[in-house]
Amino acid sequence: MKFASVIVDVKAMQTDRAFDYLIPEKWMGFIKPGMRVIVPFGPRAVQGFVIALKDSSDFDKVKPITEVMDITPALTAELLDIGHWLTESTLCFKISAFQAMLPAAMKAKYEKEIRLTSSEAKDRLHPKSARWFENAPGIFWKEIEKSDSVKELQGDIERGLLEVIYRVKQKNKQKTQKVIRAAVTSDVLKEEASGCTQQAAKQKKVLDYFAEHGGAAVPLQELLLKLNITDSPVKTLIKKNLLSESYEEIYRDPYADRTFQKTESLPLTPEQQTAIAPILDGIERKAHDVFLMYGVTGSGKTEVYLQSIEAVLNQGREAIVLVPEISLTPQMVNRFKARFGSLVAVLHSGLSIGEKYDEWRKIRRGEVKLVVGARSAVFAPFTNLGMIIIDEEHEGSYKQEENPRYHARDVAIYRAKRHKCPVVLGSATPSLESFARAGKGVYQLLTLKERVNSRPLPEVEIVDMRDELRSGNRTMFSKVLLEKLEDRLEKGQQSVLFLNKRGYSSFIMCRDCGCVKGCPHCDISLTYHKRGHLLKCHYCGHEEPMPNVCPECGSEHIRFFGTGTQRVEEELAKVLPEARIIRMDVDTTGKKGAHEKLLTAFGNKEADILLGTQMIAKGLDFPDVTLVGVLTADTMLHLPDFRASEKTFQLLTQVSGRAGRHLLPGEVVIQSYSPEHYSIQLAGKHDYDSFYMQEMTARKQHAYPPFYFLALVTVSHPDLLKAVSVTEKISQHLNHKLSNHVQILGPSASPIPRVNDRYRYQCMIKYKREENLHSALKMIIERFQQDMNKNQLSISIDMNPNAMM
DNA sequence: AGCACGCCGACT
DNA sequence: GTCGGCGTGCTC
């Protein structure tokens, strides 16, 4: 096998195919598919993935591979296959698919250096470019590209005085440490130790240590610290061949400083036993099945997961547990760490690039058997998978909103088919898609209707905020909620206040002329940030100082609208001055570990009220929380999103589940301006089944999933007319190519018609079965290829979009 | 993507 | 005559 087919790290349609490279003699037999290599590509060096080996190439001018980046292939054969499948199914570039499956640390970065070709060349340089090379023979292009000497530098490059070198730089090196171990038996050590003169007291100390502690390797630093010595006696002993030194890779362990109380399996309730039986059977039989475990909050889904995992591990196979990013709380992780100890790797966005890389390598080497992580953990490089669990299956964060636009659920099922193992989807409020599939028998439905502690679900009171306003209450707390908060304060119990902020953040408006300050680059209002007294755009990052007077009419009567958590906190302090409040939002949890600190403080009853956004909706479990308040239940309801009702129902159900999980009964107050809406009413009654029926009727009527599949094509361009005309052409093309069973909607403006000075138009395709869809979409990309390169046009295609954005 | 090549108008 | 604009095509 003399040649390797390589997918190079260049994201373009024309390079989205394999290129052949010669394998140098020294690496023959060593280079394998799945390895990362560095190859020359035109004038530069780029990273690439070997996807296949072959004996001959159709090209006559084949260049050799420059470097090999892996000892064992980064991508297993299975992951390579998944990469090809992702490319096909999500219409992305192969390189994007491969990169998405690996930790960020393994993605190459590039740099361009300008170097003197020889030392004599220095004197012949143009004076303007010479100044950059006074101290060193080379300089990074990045540092000079914006200087005034670019022309001169280019001239000198042409004259052959300077050369351009492209380099691939590795983002992350493994961390290593020096370790020391005994090179001889402990008997010899003892003998040597007794023979030590007084001069060599330190050497004796070291020898004694190793005689006592046996042959295990000790990190040098640790040894020096323990024995209070310098490295010189150690070095001498190494020279005498009594000790040996070597380098060992160390892992950054984000959970190193924590101990976990080992837990044992809990006895299962009859209901849990009924639910787990078919899963265990599937594991036993090595059969691929998808289970939808529909269990109310507090019904003990996690214990079912844990015991199923145990069965998988006992079988010698591995398991993946996916958890939504937002609920990857320490509380959640601890449950797995406590049961399975060091067999668990954790992957989530809170880890540094290096930490994620370390966790990934533990998986790749088979040092752990279980991964708990967010979406991308579905690509964990296990080779003997026994089960994949997706908790909170309905969560939107399982869909990646950038290329490759995959859904973790689809990847999980794809992998499980290959490994002949079960997939378990768990939720108290399953997505309509999954519940419908369970109804059709595609998934197997497992139901947990009872809470483990037999606690009834909390009482929910829905408050009509319009009535509050009519009766003169202009605060954001209804009379009922305030009374109940006061009551909890008196009883020394805790409350959680939930602010549903999505799509409704604190914008500012002039009360005289009604003008709302919007982003100059996007069609969206700016959000006020108290920190820095700034207005920020959440889409393009634009920032500007908060004006003192209205920029339109000069009025001083500008005020905030909407309710940020900061403002709720201030108001709350006014009406309940004695309450101790902990606020959790992006501002207070930005720093690493802050999230956990705040929760621990609340758990220790250092506060009476926990106030927060989405991030407190899930997984939290505090025994003394007996009241949950939802300040604005309907902010999501009016977003242009066909899942708005579903998301509202899920969120309210989720939040309500936070109350009364233990001995004390819980209560929930939901405040809303549209309390009659079925998603709010039925969430109040904990009635998923009715919600499902009603929402399915609506979806059927409007031809939305699960009755139809969707594909969304979004076109963006700085020029509005261009965006519209391209979308129009796309829509015509699709109309022409597809059958008349499809519905093609658009061109229509995106829900946010302009982001970052680019106009966005879209075209929505609703279909049931459409053989030509893939090829038609591919043709679109090919047809507008040139426009996308030169004319700032961008077209993005999302198969199965989560929302219309 | 990033770069070379090459074909046309505007100027020392 | 030449400099430089950017449309076209290639990278194993």
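In what follows, chains carry the letters A, B, and so on, assigned in the order in which the sequence lines appear, proteins first and then strands, with residues in each chain numbered from 1. This structure is a prediction, so every number in the text was calculated from the model and none was measured.
- Taking a cutoff of 4.0 Å between a charged side-chain nitrogen and a carboxylate oxygen, A:R643 and A:E433 qualify as a salt bridge.
- Contacts of A:K112 with the nucleic acid, taken as non-hydrogen atoms under 4.0 Å apart, involve only primed sugar atoms and P, OP1 or OP2.
- For A:L793 and B:dA1, the CG to P distance is 12 Å, given to the nearest whole Å.
- Spacing between atom CG of A:D16 and atom P of B:dA1 amounts to 12 Å, rounded to whole angstrom units.
- Note: A:I51 CD1 to A:M35 CE = 15.5 Å, rounded to the nearest 0.5 Å.
- Between A:D9 atom CG and B:dG2 atom P there is a gap of 11 Å when expressed in whole angstrom units.
- Applying the ring-ring contact (aromatic ring centres under 6.0 Å, His included) definition to pairs two or more places apart or across chains, none involves residues 115-137 of chain A.
- Shown here are the side chain to side chain contact (heavy atoms under 4.5 Å, CB included) partners of A:L53, two or more places apart in sequence or in another chain: A:M1, A:A4, A:I23, A:I31, A:P33, A:V50.
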Close N/O contacts between protein and nucleotides 10-12 of chain C (under 3.5 Å):
| from | atom 1 | to | atom 2 | distance (Å) |
| --- | --- | --- | --- | --- |
| C:dT11 | OP1 | A:K61 | NZ | 3.2 |
| C:dT11 | O3' | A:G42 | N | 3.2 |
| C:dC12 | OP1 | A:Y21 | OH | 3.4 |
| C:dC12 | OP1 | A:P40 | O | 3.3 |
| C:dC12 | OP2 | A:K63 | NZ | 2.3 |
| C:dC12 | O3' | A:D20 | O | 2.6 |
| C:dC12 | O3' | A:K63 | N | 2.6 |
| C:dC12 | O2 | A:D20 | N | 2.5 |
| C:dC12 | N4 | A:R17 | NH1 | 3.4 |

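- Taken residue by residue, residues 93-101 of chain A places no heavy atom nearer than 4.0 Å to DNA chain C.
- Pairs engaging residues 48-73 of chain A under the ring-ring contact (aromatic ring centres under 6.0 Å, His included) rule: A:F49-A:F98 [sequence neighbours left out].
- Checked by atom type, the side-chain pair A:N756/A:H521 shows no donor-acceptor distance below 3.5 Å.
- In this structure, A:S725 has no side chain to side chain contact (heavy atoms under 4.5 Å, CB included) partners at least two apart in sequence or on a different chain.
- Remark: P of B:dC3 and CD1 of A:I157 are 10 Å apart, rounded to the nearest angstrom.
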Residue pair A:E359, A:K356: steps toward the salt bridge (charged side-chain N to carboxylate O under 4.0 Å, His left out) verdict: CA-CA 5 Å; A:E359 295 292 291; A:K356 272 189 217 156; over 6 Å; no

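- In this structure, A:Y166 reaches the sugar-phosphate backbone alone: every heavy-atom distance under 4.0 Å involves primed, P, OP1 or OP2 atoms, never a base.
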